[in-house]
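Source: prediction; values computed, not measured. Residue numbering restarts at 1 for every chain, and letters A, B, ... go by the order of the sequence lines.
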There are 2 protein chains.
Amino acid sequence: MDEREPLSPDMFDPACPSSVAPFRIADKWGGLVILCLQDGPRRFSELRIPLPRVAPKVLTETLRALERDGFITRTAYAENPPRVEYQLTPLGRTLLPAISACREWAADNFDALLAARDRYDGVPGAEAAA
Amino acid sequence: MDEREPLSPDMFDPACPSSVAPFRIADKWGGLVILCLQDGPRRFSELRIPLPRVAPKVLTETLRALERDGFITRTAYAENPPRVEYQLTPLGRTLLPAISACREWAADNFDALLAARDRYDGVPGAEAAA
DNA sequence: AGCCCCGCTTACTTCAACGTAACTAGGCTC
DNA sequence: GAGCCTAGTTACGTTGAAGTAAGCGGGGCT
């Protein structure tokens with residue numbers, strides 16, 4: 001009658017990989033920063049170009065979090081003007097397929113998501129567009 | 001000297017799929033709920049089994065958010081006892097590959113992430129374990 | 001001297017997500 | 001009529017991420 005497997009008793013069982021999901025990968029901007037680093041090391045001010053809406057404070061926090069998680073390294077050069085380079089580690093690179101999968105999903109389906117939201121929220125014209 | 005492409009001027013250009021990332025897919029528990037629904041419709045109390053640490057209020061909020069985004073449908077049956085079923089929509093199913101990719105990453109690399117954190121935080125013994 | 005650049009830091013505020021606990025409604029059974 | 005069931009709701013408080021605005025330190029330029 002029901003061919004579905006019973007649901008596991010606790011997804012937070014440490015043995016269950018799903019338990020990881022709530023331990024979010026870094027923060028709101030982490031994925032974007034990782035994408036910016038995929039072609040090679042980048043400097044702080046270089047990262048600010050594609051992310052102009054991210055305040056320096058937030059960017060610093062994001063970079064520190066990514067460093068803490070072992071996804072990037074931070075290298076400061078005692079030059080003039082000072083230079084700091086951020087670079088993906090091998091562990092950081094392992095994230096690229098997953099992030100790309102999310103990006104690909106977004107490219108394909110984000111419009112549908114927004115349309116669904118409009119429909120749910122009763123935005124005028126959303127029904128017609130559905 | 002530098003073979004890397006220059007970084008795009010603004011990832012928040014609406015034309016750029018990366019701009020989606022900060023519009024998080026639902027919330028902290030959304031991905032887990034979607035996984036729970038992949039084998040077929042589930043009831044509210046059924047979903048609570050694998051997610052015992054999620055308060056009913058939060059589960060309700062999560063389900064509403066997923067419904068709003070068009071990922072699941074909610075169907076209430078006027079039976080006794082009352083029954084409500086949540087089910088993935090086709091759009092919701094499109095998320096499964098991306099979520100699976102994240103899950104797979106976690107299964108493979110979560111230990112490395114935790115070890116990196118311990119090293120960064122200077123947890124005793126973390127160096128030896130590295 | 002005064003200004004710029006770089007890579008931040010600091011202080012403060014705002015906001016949404018998350019969580020706890022208690023409670024509800026309608027119908028069922030004991 | 002006491003208590004259970006389902007599927008929530010309500011009130012309240014906590015937390016932490018994010019944003020705003022400003023400043024800093026050291027060198028170089030003019």
Side-chain angles (χ1 to χ4, degrees), chain A residues 7 10-12 19-34 36-37 41-69 71-87 117 121, chain B residues 7 10-12 18-34 36-37 41-69 72-87 117 121:
Chain A
L7 292 173
D10 186 355
M11 277 198 164
F12 293 90
S19 69
V20 169
F23 293 71
R24 305 190 198 191
I25 303 309
D27 40 27
K28 190 171 174 182
W29 306 109
L32 257 26
V33 169
I34 287 173
C36 293
L37 293 175
R42 297 284 183 183
R43 310 176 51 175
F44 188 87
S45 48
E46 225 171 344
L47 291 171
R48 298 208 59 198
I49 298 169
L51 303 163
R53 290 190 184 71
V54 181
K57 182 205 125 191
V58 175
L59 184 53
T60 301
E61 286 171 358
T62 299
L63 290 166
R64 291 286 184 281
L66 291 173
E67 195 189 353
R68 181 166 103 100
D69 286 351
F71 297 146
I72 63 173
T73 54
R74 177 183 185 276
T75 314
Y77 299 90
E79 298 174 354
N80 240 293
R83 190 162 57 96
V84 178
E85 274 189 353
Y86 297 94
Q87 189 168 190
R117 278 191 186 173
D121 295 341
Chain B
L7 291 172
D10 186 354
M11 277 198 165
F12 294 90
S18 308
S19 68
V20 169
F23 294 72
R24 304 190 200 192
I25 303 310
D27 41 28
K28 189 172 175 183
W29 306 109
L32 257 26
V33 170
I34 287 173
C36 293
L37 293 175
R42 298 282 184 184
R43 309 175 52 174
F44 188 86
S45 49
E46 224 172 343
L47 291 171
R48 298 207 60 199
I49 297 169
L51 303 164
R53 289 191 184 70
V54 181
K57 183 203 125 193
V58 175
L59 184 53
T60 301
E61 286 171 357
T62 300
L63 290 166
R64 291 286 184 282
L66 291 173
E67 196 190 352
R68 182 166 103 100
D69 286 351
I72 64 173
T73 53
R74 178 183 184 276
T75 315
Y77 298 91
E79 298 174 355
N80 239 291
R83 191 162 57 95
V84 179
E85 275 189 353
Y86 296 95
Q87 190 167 190
R117 277 191 187 176
D121 295 343

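Side-chain proximity of B:Arg83 to the nucleotides D:dA7, D:dA18, C:dG7 is greatest for D:dA7.
Scanning all heavy atoms of the two residues, the minimum distance from B:Tyr86 to B:Leu37 falls at O-CD2, 3.4 Å. Closest approach of B:Ile49 to B:Pro52, counting heavy atoms only: O-CD, 3.3 Å. When every heavy atom of A:Val33 is checked against every heavy atom of A:Leu51, the shortest pair comes out as CG2-CD1, 4.0 Å. Here the closest heavy-atom approach between residue B:Val58 and residue B:Trp29 is recorded as CG1-CD1, 3.6 Å. Across every non-hydrogen atom of A:Leu47 and A:Cys36, the tightest pair is CD2-CB, 3.6 Å.
As rounded to whole Å, 11 Å separates atom P of D:dG19 from atom CG of A:Leu51. Atom CZ of A:Arg48 and atom P of D:dG19 are 12 Å apart (whole Å). In this structure, the CH2 atom of B:Trp29 is 16 Å from the C1' atom of C:dA16, given to the nearest Å. Between A:Leu63 atom CG and C:dC8 atom C1' there is a gap of 11 Å when expressed in whole angstrom units. Residue A:Leu59 contributes atom CG, which lies 14 Å from atom C1' of C:dT9 at whole-angstrom precision. Look at CZ on B:Arg53: it is 16 Å from C1' on C:dT20, rounded to the nearest Å. With rounding to whole Å, B:Glu67 atom CD is found 14 Å from D:dA7 atom C1'. Rounded to whole Å, the distance from CZ on B:Phe44 to P on D:dT6 is 11 Å.
Between B:Arg43 and D:dA7 there is a side-chain polar atom (N or O) within less than 4.0 angstrom of OP1 or OP2. Side-chain N/O atoms of B:Tyr77 include none lying less than 4.0 angstrom from OP1 or OP2 on D:dA7. A close approach under 4.0 Å does occur between a side-chain nitrogen or oxygen of B:Arg74 and OP1 or OP2 of D:dG8. Side-chain nitrogen and oxygen atoms of B:Arg64 include at least one within less than 4.0 Å of the OP1 or OP2 phosphate oxygen of D:dG8. Contact between the side-chain N/O atoms of A:Ser45 and the OP1/OP2 oxygens of C:dG7 is found at a separation under 4.0 Å.
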Nucleotide N/O to protein N/O under 3.5 Å, stretch nucleotides 22-27 of chain D:
from	atom 1	to	atom 2	distance (Å)
D:dG27	O3'	A:Asn80	ND2	3.3

Quick one: which protein N/O atoms are closer than 3.5 Å to N/O atoms of nucleotides 2-4 of chain C? Pair and distance per line, please.
none

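A salt bridge (charged side-chain N to carboxylate O under 4.0 Å, His left out) with A:Glu46 is found for one member of A:Arg48, A:Arg43, A:Arg42 and no other, namely A:Arg42.
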- [ ] Assess whether side-chain contact (heavy atoms from CB on, under 4.5 Å) is satisfied between B:Gln87 and B:Ile72, documenting all intermediate values.
- [x] CA-CA 5 Å; B:Gln87 190 167 190; B:Ile72 64 173; over 6 Å; no
TODO: Decide side-chain contact (heavy atoms from CB on, under 4.5 Å) for B:Arg74 and B:Val84; before the verdict, give the C-alpha distance in whole Å, the side-chain angles of both, and the deciding distance to 0.1 Å.
DONE: CA-CA 7 Å; B:Arg74 178 183 184 276; B:Val84 179; 3.8 Å; yes
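Taking only distance into account, the side chain of B:Lys57 meets the base of C:dG19 through a donor-acceptor pair shorter than 3.5 Å.
Side-chain contact between B:Asp121 and A:Arg68 is present, with heavy atoms from C-beta onward closer than 4.5 Å.
Atom CG of A:Leu63 sits about 6.5 Å away from atom CZ of A:Phe44, to the nearest 0.5 Å.
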